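This report refers to the structure that appears directly beneath it.
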Amino acid sequence: MKTNQPITNKMKNFEELCREQGVPLTTQRRVVLETLAGRLDHPTADQIFEDVTHHLPSLSRTTVYRVLETLVRLGVIHKAQHLGSAARYDPNTERHHHLTCLSCHKVVDLADEILNQIRVPKSSAKEFEIIDYSVHFKGYCSNCSSKKKISKTNGR
């Protein structure tokens, strides 16, 4: 069986971090992180819960929320507030940016070295200790953009 190397590395790093921090490495934490790391989107807690219950049917929604918050606190994943009221979770903790569809709320990673070189404004630096940043673009994904064009064409 072929393993996903990034997931394997993420799990090894997580196990090491748990040992260093004295955080119990529970089955629930492992399964939630593996599930999130195996996804290509930025799922909500409810979406992760749906996936995780295939592996651990007795796991509660509350436990999934608690595990996600623990993983965020440990810095293993990021919690991203984007469009809509539900937080989305991202296993990619390297600096990257996002594209968000205003119609379907799909969130896509955008890695761009030029954006990574943006200088933090001096006025902000006086009021905050800035440790990281990301740029968030809003627009329409190709699927929703196509639907809008079709809708405009049919509406005429």
Side-chain angles (χ1 to χ4, degrees), residues 1-112 115-116 118 128-152:
M1 178 170 76
K2 187 176 180 182
T3 60
N4 184 333
Q5 195 61 38
I7 294 174
T8 303
N9 289 341
K10 186 135 192 103
M11 295 311 297
K12 285 180 183 176
N13 292 340
F14 176 59
E15 290 169 10
E16 185 177 311
L17 180 65
C18 284
R19 280 192 293 277
E20 289 172 4
Q21 298 283 325
V23 174
L25 182 59
T26 64
T27 301
Q28 294 89 339
R29 289 178 180 155
R30 287 185 60 83
V31 171
V32 168
L33 182 56
E34 285 174 350
T35 299
L36 178 58
R39 292 183 64 133
L40 299 175
D41 59 349
H42 297 73
T44 64
D46 288 337
Q47 290 170 320
I48 295 167
F49 171 73
E50 288 177 25
D51 286 355
V52 168
T53 55
H54 295 293
H55 302 288
L56 295 173
S58 64
L59 193 65
S60 73
R61 188 178 307 271
T62 303
T63 299
V64 170
Y65 275 86
R66 279 198 300 255
V67 167
L68 288 168
E69 290 305 315
T70 298
L71 296 176
V72 168
R73 184 176 44 81
L74 291 171
V76 179
I77 65 172
H78 283 179
K79 182 178 182 178
Q81 290 293 136
H82 291 294
L83 298 174
S85 59
R88 294 182 174 265
Y89 295 88
D90 190 348
N92 183 354
T93 57
E94 299 295 318
R95 176 177 293 153
H96 66 285
H97 312 283
H98 293 108
L99 305 166
T100 302
C101 181
L102 292 167
S103 183
C104 69
H105 304 292
K106 176 180 181 180
V107 180
V108 178
D109 286 344
L110 172 66
D112 187 315
L115 294 176
N116 290 347
I118 293 174
F128 293 89
E129 178 186 356
I130 298 172
I131 57 171
D132 198 12
Y133 69 91
S134 66
V135 178
H136 183 173
F137 294 97
K138 298 174 188 172
Y140 296 96
C141 68
S142 58
N143 189 36
C144 291
S145 185
S146 296
K147 287 178 185 176
K148 283 177 58 172
K149 288 176 186 173
I150 291 170
S151 176
K152 284 183 181 179

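All heavy atoms count here, side chains included; hydrogens, waters and symmetry mates do not. Since the structure is predicted, the reported quantities are computational estimates derived from the model, not experimental observations.
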Checklist entry - What pairs with Arg61 under side chain to side chain donor-acceptor pair (under 3.5 Å), at least two apart in sequence or on another chain? => result Asp46
Checklist outcome for this item: Residues at least two apart in sequence or cross-chain that pass side chain to side chain contact (heavy atoms under 4.5 Å, CB included) with Ser142, listed by chain then number, are none
Checklist outcome for this item: Applying salt bridge (charged side-chain N to carboxylate O under 4.0 Å, His left out) to Glu16 and not counting sequence neighbours gives none
Checklist entry - At what distance, to the nearest 0.5 angstrom, does CZ of Phe137 lie from CG of Leu115? => result 5.0 Å
Item to check | Test side chain to side chain donor-acceptor pair (under 3.5 Å) applied to Tyr133 - qualifying residues, sequence neighbours left out | outcome: none
Checklist outcome for this item: Sorted by chain and residue number, the side chain to side chain donor-acceptor pair (under 3.5 Å) partners of Glu69 (sequence neighbours excluded) come out as Lys79, Tyr89
Checklist entry - Of all heavy-atom pairs between Leu102 and Lys138, which one has the smallest distance, and what is that distance? => result CD2-CB, 3.9 Å
Next on the checklist: I need the minimum non-hydrogen distance between Lys10 and Ala37, along with the two atoms involved.
Outcome noted: CD-CB, 4.5 Å
Next on the checklist: My understanding is that only residues two or more places apart in sequence, or in another chain, count here; which of them pass ring-ring contact (aromatic ring centres under 6.0 Å, His included) with His55?
Outcome noted: none
Checklist outcome for this item: For Pro43 and Ile48 the tightest heavy-atom approach is CG-CG1, 3.7 Å
Item to check | Value rounded to 0.5 Å, distance of CG in Leu33 from CD1 in Ile77 | outcome: 7.5 Å
Item to check | Non-neighbouring partners of Asp109 that pass side chain to side chain contact (heavy atoms under 4.5 Å, CB included), sequence neighbours left out | outcome: His42, Asp90, Asn92, His96, His98
Next on the checklist: Looking at Pro24, is its backbone amide N or carbonyl O close enough to the side chain of Arg29 to form a donor-acceptor pair, meaning the two atoms are under 3.5 Å apart?
Outcome noted: yes
Item to check | Spatial distance of atom OG1 (Thr35) from atom NE2 (His54) [nearest 0.5 Å] | outcome: 9.5 Å
Checklist outcome for this item: Residues Cys101 and Cys141: closest non-hydrogen pair is SG-N, 3.4 Å
Checklist entry - With sequence neighbours excluded, what pairs up with His78 under the side chain to side chain donor-acceptor pair (under 3.5 Å) test? => result none
Next on the checklist: Could you measure the distance from the CD atom of Gln47 to the CG atom of Leu36? Nearest 0.5 Å is fine.
Outcome noted: 10.5 Å
Checklist outcome for this item: Between Ala45 and Leu68, the two heavy atoms sitting closest are CB-CD1, 3.6 Å
Checklist entry - Which residue pairs pass the salt bridge (charged side-chain N to carboxylate O under 4.0 Å, His left out) test with at least one member in residues 50-59, sequence neighbours excluded? => result Arg39-Asp51
Next on the checklist: Pair Leu25, Arg30 - check side chain to side chain contact (heavy atoms under 4.5 Å, CB included), show working.
Outcome noted: CA-CA 7 Å; Leu25 182 59; Arg30 287 185 60 83; 3.7 Å; yes
Checklist entry - Just how far is it from atom CD of Glu34 to atom OG1 of Thr27, taken to the nearest 0.5 Å? => result 10.0 Å
Checklist entry - What residues, two or more places apart in sequence or in another chain, satisfy side chain to side chain contact (heavy atoms under 4.5 Å, CB included) together with Thr63? => result Gln28, Leu59, Ser60, Arg66, Val67
Next on the checklist: Suppose we screen for side chain to side chain contact (heavy atoms under 4.5 Å, CB included). Which residues come up paired with Leu17, at least two apart in sequence or across chains?
Outcome noted: Glu20, Gln21, Leu74, Val76
